[in-house]
Amino acid sequence: MASYAATATAPLQGFNIFRREMVLITNVSDYEELAKQKLPKMVYDFYAGGAEDQWTLKQNREAFSRILIEEVNSCGPGIHFFQLSVFKDRDIVQQLVRRAENAGYKAIAVTVDAPRLGRREADLRNRFKVPENVVFKCFEGLDLSDIDKTNASRLAAYVASQIDSSLSGKDIEWLQTITRLPILVKGVITAEDARIAIECGVAGIIMSNHGGRQLDYLPATISCLEEVVREANGRVPVFLDSGIRRGTDVFKALALGASGVFIGRPILFALAVDGEAGVRTALQMLRDELEIAMALSGCMSLKEITRDHVSTEGDRLRRSLL
């Protein structure tokens with residue numbers, strides 16, 4: 001079990017100074033409450049919030065609770081994917097891809113669900129802006145014309161303005177011509193988009209609704225998983241993110257056909273609370289929960305987790321009609 005301080009003393013430049021005390025952390029969600037106490041409200045709301053009414057954000061969690069048995073871990077250690085947004089200036093894209101290759105990344109994950117930023121009302125209320133001491137490391141050393149890369153807010157605005165909202169399958173095909181790295185697409189939640197992505201030759205699909213931060217009232221990714229897995233039909237692996245908080249959530253995703261999961265907010269909050277040690281602890285918690293779920297479900301390996309281990313709302317509705 002991990003322990004961390006949750007007592008604030010005097011504020012300093014908008015941040016709280018914490019001292020370590022024995023506060024028991026029993027699961028990754030505990031990190032969120034501690035992070036909420038530690039981070040400036042503007043920063044916490046930016047990471048924790050969703051678009052508009054935040055319906056999709058809530059559904060990402062509640063949909064897992066409607067599926068009965070258990071969970072999983074992230075992909076293997078040491079395997080890094082580079083998440084890429086496609087910019088109007090293709091030279092920037094090529095520079096980023098080359099940087100990813102040189103840094104030893106194993107694949108490119110192209111974000112396809114963010115042609116524009118979602119309307120995040122907490123950010124509007126907080127008048128969110130990137131703190132001036134934040135450095136966008138992936139843009140360091142890149143040729144960005146006359147943009148001052150030391151000015152965080154100006155660089156963030158420039159990057160946002162450069163997102164190419166006309167992204168299509170042709171752009172995915174173009175990316176394959178400039179790198180030998182496998183290309184995955186992140187942001188697919190329908191069978192139709194999965195088919196298009198596979199026809200473009202992608203190496204994999206990451207199901208995501210951007211954690212509920214883009215378009216509100218999208219369905220939870222877990223509720224769309226089987227549809228996309230059926231369309232993929234084993235041709236490419238299907239991964240899932242958005243809403244993972246328990247090892248049992250991982251188990252459920254694997255049982256419904258996911259090849260693996262990605263974890264976002266719990267890692268950010270653990271990092272905010274206790275740095276690298278917090279991240280290691282959070283991942284270990286999820287791993288431990290998954291192993292317990294597997295053991296109690298009679299699964300000796302990940303391959304033994306099957307569709308028979310879970311019951312969805314659709315299953316229960318079909319049984320009620322018989």
**Asked** Any chance the side chains of D241 and S208 put a donor and an acceptor closer than 3.5 Å?
**Response**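 The answer is yes; a qualifying pair exists.
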**E227-T190 side chain donor-acceptor pair, cut-off 3.5 Å** = no
**Asked** How are the rings of F262 and F81 set to each other: parallel, tilted or perpendicular (split at 30° and 60°)?
**Response**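 Tilted.
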**Intermediate values then yes/no, side chain to side chain contact (heavy atoms under 4.5 Å, CB included), H309 and T306** = CA-CA 6 Å; H309 285 102; T306 68; 3.2 Å; yes
What distance do [X] atom [atom1] and [Y] atom [atom2] have between them, rounded to the nearest 0.5 Å?
| X | Y | atom1 | atom2 | value |
| --- | --- | --- | --- | --- |
| D30 | T281 | CG | OG1 | 12.0 Å |
| E289 | R287 | CD | CZ | 13.0 Å |
| L240 | I263 | CG | CD1 | 10.5 Å |
| N209 | L218 | CG | CG | 6.0 Å |
| Q94 | I178 | CD | CD1 | 4.5 Å |
| K38 | D274 | NZ | CG | 7.0 Å |

Is it possible for you to say whether [X] and [Y] belong to one hydrophobic cluster, with membership spreading through side-chain heavy-atom contacts below 4.5 Å?
| X | Y | answer |
| --- | --- | --- |
| I163 | I92 | yes |
| L271 | L39 | yes |
| L286 | L302 | yes |
| L34 | V43 | yes |
| I189 | I196 | no |

**Request:** Would you mind checking if E231 and R195 are paired as a salt bridge, meaning a charged N to carboxylate O distance below 4.0 Å?
**Result:**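 Salt bridge absent between R195 and E231.
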Please tell me if the side chains of [X] and [Y] come closer than 4.5 Å, counting only heavy atoms from C-beta onward.
| X | Y | answer |
| --- | --- | --- |
| V112 | L167 | yes |
| V97 | L181 | no |
| R90 | D164 | yes |
| R265 | R245 | yes |
| L96 | F87 | yes |
| I25 | M285 | yes |
| E276 | V279 | no |
| M300 | M294 | no |

**Item:** D171 (side chain) donor-acceptor with S168 (main chain) under 3.5 angstrom
**Value:** yes
**Asked** Side chain of Q176, backbone of C200: donor and acceptor closer than 3.5 Å?
**Response**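 Looks like yes, one N/O pair under 3.5 Å.
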Nearest atoms (heavy-atom pairs only) where [X] meets [Y]:
| X | Y | answer |
| --- | --- | --- |
| A282 | Y31 | CB-CE1, 4.0 Å |
| A107 | L184 | CB-CD1, 3.5 Å |
| V236 | A203 | CB-O, 3.8 Å |
| A255 | V310 | CB-CG1, 3.6 Å |
| P219 | C224 | CG-SG, 3.5 Å |
| V261 | A253 | CG1-CB, 3.8 Å |

**Fill in**
Only residue of E32, K36, Q37 satisfying side-chain hydrogen bond (donor to acceptor under 3.5 Å, both in side chains) with Y44 is E32
**Item:** Derivation and outcome, side chain to side chain contact (heavy atoms under 4.5 Å, CB included), residues T312 and R307
**Value:** CA-CA 10 Å; T312 66; R307 180 62 174 80; 3.6 Å; yes
**Item:** Intermediate values then yes/no, side chain to side chain contact (heavy atoms under 4.5 Å, CB included), I108 and I183
**Value:** CA-CA 5 Å; I108 303 290; I183 303 291; 3.7 Å; yes
**Message:** I'd like to know whether D45 forms a salt bridge (Lys or Arg N to Asp or Glu O under 4.0 Å) with K41, so could you lay out the CA-CA distance, the side-chain angles of the two residues, the decisive distance to 0.1 Å, and finally the verdict.
**Reply:** CA-CA 6 Å; D45 285 351; K41 183 177 186 301; 2.6 Å; yes
**Item:** R280 CZ: over 12 foreign heavy atoms closer than 6.0 Å
**Value:** no
**Message:** Go through it in stages, so that I can follow the logic: the residues are I267 and L283, the test is side chain to side chain contact (heavy atoms under 4.5 Å, CB included), and I'd like the CA-CA distance, side-chain angles, deciding distance and then a yes or no.
**Reply:** CA-CA 8 Å; I267 300 305; L283 289 174; 3.7 Å; yes
